[in-house]
Amino acid sequence: MSQTHQAAIQSVKGMPDILPAEAEFWELFEDTVRSWLKAYGYRPIRMPIVEPTPLFKRAIGEVTDIVEKEMYSFIDSLNGEPLTLRPEGTAGCVRAVIQHSLIAQQPQRLYYMGPMFRHERPQKGRYRQFHQVGVEALGCAGPDIDAEMILMGARLWADLGLEGIELQLNSLGQPDERARHRAELIAYFEAHAELLDEDGKRRLHTNPLRILDSKNPALQELCAAAPKLIDYLGEASLAHFEGVQRVLKDAGLPYTINPRLVRGLDYYNLTVFEWVTDRLGAQGTVCAGGRYDGLVGQLGGKPAPACGFAMGVERLIALIKDAGGEPAAPAPDVYLVHQGEAATRLAFRTAEGLRDQGIDVLLHCGGGSFKSQMKKADGSGAAFAVIIGDDEAATGEAQLKPLRDEGAGQRKLKVDDLAAAIVDQLIDANQADDEE
RNA sequence: GCGGCAUUAGCUCAGUCGGUAGAGCACUGGAUUGUGAUUCCAGGUGUCACCGGUUCGAUCCCGGUAUGUCGCCCCA
């Protein structure tokens with residue numbers, strides 16, 4: 001015993017492991033999401049997790065919280081290149097679309113799923129490595145694609161069996177309209193600066209729209225009388241907004257217009273939307289997106305309209321669990337028990353033969369008594385134990401023991417006849433289930 | 001980044017008004033020389049998160065750190 005006891009290395013704060021019991025929820029979620037995306041004609045794209053730092057500064061905006069204090073940025077020590085772990089997916093996706101001229105073929109409907117990184121204080125539903133499914137459509141200018149993306153969300157919540165996710169909608173107008181409103185808003189609050197609380201004063205020049213969001217009751221009157229963005233929207237912007245709403249009304253999808261809904265990233269214009277729930281505490285937004293017509297041009301591509309949204313996988317999975325969703329228990333059809341050298345050799349041959357017939361086999365490894373192996377067979381959830389000992393090995397046979405059917409007894413069969421017998425009994429069991 | 005709360009066996013938790021600790025489940029073996037889920041029996045040093053302070057003595061009190069959690073900020 002000369003080994004010294006070293007402190008175990010732990011995962012990085014806010015970057016948790018997703019263990020099997022949890023990961024099975026993720027696979028259930030991802031399966032549902034993939035077939036949902038397929039139903040709307042979206043194709044997969046996979047971008048690197050690391051991008052040049054200037055990409056995010058240009059796309060997201062220099063003065064956003066994300067860029068100012070949440071990005072994992074570093075200098076590649078081998079060549080001095082400034083790099084960043086992606087804090088969101090749209091910038092990289094648009095970069096890839098421009099770089100590979102995908103925009104020539106319009107519209108492009110694309111999706112991706114994977115980890116994003118933001119250096120925030122972790123809590124439930126918010127992590128430093130978190131996961132998003134991103135959906136982007138490039139090349140469509142009209143309100144139809146905005147509306148379709150919103151309808152997509154409603155369908156996914158239904159597919160996932162989720163209730164209580166509500167839609168909030170707003171229009172940010174065009175950049176000039178937004179800028180005019182912002183200037184008026186700042187002037188308005190400056191004129192009433194003595195009424196602002198500390199938070200409000202801090203936000204006045206960083207994020208004046210957020211003042212409208214204040215929970216301070218003393219500010220409600222002041223905020224209610226503040227200039228409203230919608231009054232600054234031009235005819236075209238209003239028509240676009242109404243076009244989106246018309247589709248939602250036709251579809252019978254309820255929504256709330258939230259004039260205070262502003263996205264945290266600078267690239268949005270016109271339609272913005274969020275799907276929110278009150279079941280996740282402080283992190284109520286499970287999906288958010290909107291139109292970003294300026295971004296392609298801003299990143300050096302030939303200007304093209306675009307719209308997209310992203311959903312938080314951790315948050316949605318929390319809701320799925322909350323709603324009682326359960327992934328199917330992963331059980332093999334057969335647990336193969338064996339003891340003795342000849343038996344083990346026959347066991348390998350038998351297991352591969354069963355798999356050839358599409359039967360899932362968990363072959364016992366690690367030795368142990370028949371008793372302990374049978375305990376593992378039961379624990380595995382397998383429908384059958386196949387048992388091979390010295391006696392069976394000598395004759396090329398195996399015991400087939402049903403583990404879930406009280407009435408069925410153990411039978412000794414030729415190894416080559418196992419697959420047919422197992423398939424027959426599995427079919428019988430399914431029919432019995434159906435008749436109940 | 002700021003504030004509150006938490007951290008005891010693999011899991012869920014109890015406990016010690018400061019004298020180094022327990023239950024249930026899980027796990028392993030046996031009762032049954034080759035057979036599970038039921039029954040019975042046996043099996044626990046676990047750095048009481050980590051580092052330091054107070055104390056004759058700290059898992060318990062105090063301080064710091066780490067991680068989680070709730071809220072704020074912000075966001076998916």
Side-chain angles (χ1 to χ4, degrees), chain A residues 5-16 19 21 60 64-70 86-90 113-135 153 165 198-199 202-203 206-207 210 213-216 261-265 273-277 280-289 308-319 335 337-340 343 364 368-393 398-406 409-410 412:
Chain A
H5 195 80
Q6 298 207 5
I9 294 174
Q10 292 196 320
S11 60
V12 175
K13 177 179 183 145
M15 302 194 183
L19 304 179
I60 297 170
T64 57
D65 271 27
I66 293 178
V67 169
E68 279 183 339
K69 47 193 190 196
E70 294 176 359
R86 63 184 187 190
E88 57 101 43
T90 302
M113 38 216 286
M116 310 291 165
F117 303 84
R118 292 183 202 171
H119 192 104
E120 299 182 276
R121 174 112 173 217
Q123 58 188 82
K124 189 177 179 184
R126 189 170 73 187
Y127 306 95
R128 290 185 174 178
Q129 172 173 326
F130 61 104
H131 297 75
Q132 288 187 338
V133 177
V135 181
I165 302 181
E198 203 178 312
D199 238 18
R202 182 178 55 74
R203 283 164 169 161
T206 59
N207 204 344
R210 281 281 174 206
D213 239 344
S214 173
K215 291 173 179 104
N216 186 346
L261 180 62
V262 294
R263 316 272 9 348
L265 293 72
F273 60 92
E274 270 188 29
W275 291 95
V276 298
T277 174
L280 290 177
Q283 277 67 236
T285 302
V286 295
C287 176
F309 63 96
M311 59 188 113
V313 177
E314 284 84 354
R315 293 178 185 181
L316 283 167
I317 285 175
L319 285 182
Y335 193 99
V337 169
H338 56 95
Q339 196 171 64
H364 180 85
S369 64
F370 276 103
K371 181 188 178 69
S372 66
Q373 294 193 36
M374 285 303 294
K375 276 190 168 185
K376 290 209 160 63
D378 186 56
S380 76
F384 299 94
V386 167
I387 304 155
I388 302 176
D390 290 333
D391 297 348
E392 291 80 9
Q399 303 283 353
L400 177 62
K401 177 166 186 167
L403 295 174
R404 311 294 148 198
D405 182 351
E406 301 282 335
Q410 179 170 324
K412 195 188 231 181

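So that the names make sense, note that chain A is the first sequence line, chain B the second, and so on, each numbered from 1.
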Whether the side chain of A:Arg121 and the base of B:G71 hold a donor-acceptor pair under 3.5 Å is what I'd like checked. no
Any N or O donor-acceptor pair linking the side chain of A:Gln373 to the base of B:U35 at under 3.5 Å? no
[atom1]-based separation of [M] from [N] [nearest Å]:
{"N": "B:G24", "M": "B:U45", "atom1": "P", "value": "16 Å"}
{"N": "B:A76", "M": "B:U38", "atom1": "P", "value": "49 Å"}
{"N": "B:G19", "M": "B:U59", "atom1": "C1'", "value": "12 Å"}
{"N": "B:U7", "M": "B:C75", "atom1": "C1'", "value": "28 Å"}
{"N": "B:U55", "M": "B:C60", "atom1": "P", "value": "16 Å"}
{"N": "B:A58", "M": "B:U69", "atom1": "C1'", "value": "26 Å"}
{"N": "B:C56", "M": "B:C73", "atom1": "C1'", "value": "49 Å"}
{"N": "B:A23", "M": "B:G18", "atom1": "P", "value": "24 Å"}

Atom-pair distance ([atom1] on [X]; [atom2] on [N]), nearest Å:
{"X": "A:Gln283", "N": "B:C72", "atom1": "CD", "atom2": "C1'", "value": "11 Å"}
{"X": "A:Phe370", "N": "B:G30", "atom1": "CZ", "atom2": "C1'", "value": "18 Å"}
{"X": "A:Lys371", "N": "B:U39", "atom1": "NZ", "atom2": "C1'", "value": "11 Å"}
{"X": "A:Arg126", "N": "B:C73", "atom1": "CZ", "atom2": "C1'", "value": "8 Å"}
{"X": "A:Ile165", "N": "B:A76", "atom1": "CD1", "atom2": "C1'", "value": "12 Å"}
{"X": "A:His338", "N": "B:U35", "atom1": "NE2", "atom2": "P", "value": "16 Å"}
{"X": "A:Gln10", "N": "B:A49", "atom1": "CD", "atom2": "C1'", "value": "8 Å"}
{"X": "A:Glu88", "N": "B:C75", "atom1": "CD", "atom2": "C1'", "value": "12 Å"}

For [X], answer base if it contacts any base atom (sugar-phosphate contacts may also be present), sugar-phosphate if it contacts only those atoms, and nothing otherwise; contact means non-hydrogen atoms under 4.0 Å.
{"X": "A:Gly381", "answer": "nothing"}
{"X": "A:Tyr127", "answer": "base"}
{"X": "A:Glu392", "answer": "base"}
{"X": "A:Glu120", "answer": "base"}
{"X": "A:Gly340", "answer": "nothing"}
{"X": "A:His119", "answer": "sugar-phosphate"}
{"X": "A:Glu274", "answer": "nothing"}
{"X": "A:Lys401", "answer": "base"}

Residues A:Arg404 and A:Asp378 bridged, charged N to O under 4.0 Å: yes
Counting Watson-Crick and G-U wobble pairs only, both distances under 3.5 Å, name the nucleotide matched with B:A49, or none. B:U65
B:A21 pairs with, by Watson-Crick or G-U criteria that keep both distances under 3.5 Å: none
Full working for side chain to side chain donor-acceptor pair (under 3.5 Å) between A:Gln339 and A:Gln373: CA-CA 9 Å; A:Gln339 196 171 64; A:Gln373 294 193 36; over 6 Å; no
For the NE2 atom of A:His119 and the NZ atom of A:Lys69, what is their distance to the nearest 0.5 Å? 12.0 Å
Are OP1 or OP2 of B:U28 and a side-chain N or O of A:Lys376 less than 4.0 angstrom apart? yes
Between A:Gln123 and B:G71, is there a side-chain N or O to OP1/OP2 distance below 4.0 Å? yes
Between the side chain of [X] and the main-chain N/O of [Y], is any donor-acceptor distance below 3.5 Å?
{"X": "A:Glu120", "Y": "A:Glu70", "result": "no"}
{"X": "A:Arg128", "Y": "A:Pro122", "result": "no"}
{"X": "A:Ser380", "Y": "A:Ala382", "result": "yes"}

With side chains defined as the heavy atoms from C-beta onward, is the minimum distance between A:Arg118 and A:Ile66 less than 4.5 Å? yes
Which residue lies more 5' along RNA chain B, comparing A:Lys124 with A:Ser11 via nearest heavy atoms: A:Ser11
Starting at the 5' end of RNA chain B, which residue's closest nucleotide do you reach first, A:Ala288 or A:Gly379? A:Gly379
Report the residues that fulfil salt bridge (charged side-chain N to carboxylate O under 4.0 Å, His left out) with A:Glu274, sequence neighbours left out, ordered by chain and then residue number. A:Arg263
Quick one: which of B:G36, B:G68, B:U35 gets closest to the side chain of A:Lys13? B:G68
Proximal nucleotide (of B:A37, B:C75, B:U35) relative to the A:Arg118 side chain: B:C75
